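Computed from a predicted structure; not experimentally measured.
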Amino acid sequence: EVQLVESGGGLVQAGGSLRLSCAASGFTFDDDAIGWFRQAPGKEREGVSCISSGDGRTYYADSVKGRFTISSDNAKNMVYLQMNSLKPDDTAIYYCAADRWPPTGSSWYILDEYEYWGQGTQVTVSS
C-alpha cells in the first residue's frame, strides 16, 4: 500500500521559513513525479512545486518561484519543500502527491495526474 505522510507544517510569522517533509512508503522512487499542492480556505487546490525523482527536474508555480525549493532524497524516499520568505497568502493545507510517471511542464500541476495523496499539513503565516 502506497502512503504519503507530510510533516513540518506550523505557524510562522511573515518573512519566516518552514521545511515540509513528505515520507513515501509502499513504493521506491524510480522515475516518478512527486508534487506539493496547497489548498487555502475557500479556494481550489493548486500546484506549488514538483520534482522528478528520475532526473531531478523541478517545477514551480510562479507565486513561489525564488522563495520555495523542492528536493528529494531517493535513498530515503523523502521529498522536502523548503519555504522561505513566507507570506500570509501562503497559508493553506499543503499536500504531497505522487504519480508513477515523470512529470512534464504541462502536466505537473494537474491534480488528476496524481494517483497518491497524503493527508496534508497545515501552514499558517501570520502578518
Side-chain angles (χ1 to χ4, degrees):
E1 179 186 6
V2 175
Q3 285 192 324
L4 302 174
V5 179
E6 304 94 336
S7 62
L11 173 63
V12 64
Q13 289 189 331
S17 299
L18 283 174
R19 188 195 194 206
L20 304 183
S21 298
C22 173
S25 62
F27 77 100
T28 302
F29 287 1
D30 184 7
D31 194 12
D32 312 289
I34 315 295
W36 285 98
F37 290 75
R38 66 185 181 186
Q39 188 165 17
K43 295 187 177 181
E44 294 186 351
R45 195 171 297 189
E46 63 176 2
V48 175
S49 183
C50 178
I51 188 166
S52 170
S53 64
D55 60 14
R57 282 176 297 168
T58 58
Y59 305 87
Y60 296 95
D62 288 343
S63 59
V64 306
K65 278 181 182 176
R67 299 188 299 122
F68 291 10
T69 303
I70 191 170
S71 62
S72 68
D73 185 335
N74 288 4
K76 296 182 179 179
N77 269 25
M78 296 288 297
V79 173
Y80 307 97
L81 186 68
Q82 178 67 44
M83 305 187 297
N84 299 329
S85 302
L86 282 162
K87 306 174 182 179
D89 284 349
D90 294 318
T91 295
I93 299 174
Y94 283 72
Y95 298 90
C96 178
D99 188 70
R100 300 314 306 269
W101 298 97
T104 67
S106 60
S107 69
W108 74 266
Y109 51 87
I110 299 175
L111 276 67
D112 288 345
E113 292 288 321
Y114 292 82
E115 183 173 1
Y116 307 107
W117 290 83
Q119 294 299 306
T121 185
Q122 176 71 48
V123 171
T124 303
V125 184
S126 63
S127 57

How long is the straight-line distance from [atom2] of [Y] back to [atom1] of [X], given to the nearest 0.5 Å?
{"X": "I34", "Y": "L4", "atom1": "CD1", "atom2": "CG", "value": "7.0 Å"}
{"X": "S71", "Y": "I51", "atom1": "OG", "atom2": "CD1", "value": "6.5 Å"}
{"X": "S49", "Y": "R67", "atom1": "OG", "atom2": "CZ", "value": "12.0 Å"}
{"X": "S21", "Y": "Y80", "atom1": "OG", "atom2": "OH", "value": "5.5 Å"}
{"X": "L18", "Y": "M83", "atom1": "CG", "atom2": "CE", "value": "4.5 Å"}
{"X": "T69", "Y": "R19", "atom1": "OG1", "atom2": "CZ", "value": "11.0 Å"}

For [X] against [Y], the heavy-atom pair lying closest together:
{"X": "Q122", "Y": "A92", "result": "NE2-O, 3.4 Å"}
{"X": "A14", "Y": "S127", "result": "CB-CA, 4.3 Å"}
{"X": "T104", "Y": "S107", "result": "OG1-OG, 2.8 Å"}

Find out whether Y60 and I70 are in side-chain contact, i.e. whether some heavy atom of one side chain is under 4.5 Å from a heavy atom of the other. yes
Below 4.5 Å, heavy atoms only, C-beta onward: do Q82 and S17 meet side chain to side chain? yes
Okay, side chain of T121, backbone of E6: is any donor-acceptor separation there less than 3.5 Å? no
With D32, which of W101, F27, Y116 fulfils side-chain contact (heavy atoms from CB on, under 4.5 Å)? F27
Basic-acidic side-chain contact under 4.0 Å: [X], [Y]:
{"X": "D89", "Y": "K87", "value": "no"}
{"X": "R100", "Y": "D30", "value": "no"}
{"X": "E46", "Y": "R38", "value": "yes"}

Hydrophobic cluster membership, [X] vs [Y], 4.5 Å side-chain cutoff:
{"X": "Y95", "Y": "W108", "result": "yes"}
{"X": "Y59", "Y": "I110", "result": "yes"}
{"X": "V2", "Y": "W36", "result": "yes"}
{"X": "W117", "Y": "I93", "result": "yes"}

Passes side chain to side chain contact (heavy atoms under 4.5 Å, CB included), S52 versus D31? Steps please. CA-CA 6 Å; S52 170; D31 194 12; 3.7 Å; yes
Kindly check if the number of other-residue, nucleotide or ligand heavy atoms within 6.0 Å of CG (D112) is above 12? no
Side chains of N74 and S53, donor plus acceptor under 3.5 Å: no
Working for side chain to side chain contact (heavy atoms under 4.5 Å, CB included), residues Y109 and V48: CA-CA 7 Å; Y109 51 87; V48 175; over 6 Å; no
Looking only at the aromatic ring of each residue, does the gap between the centers of Y114 and F37 stay below 6.0 angstrom? yes
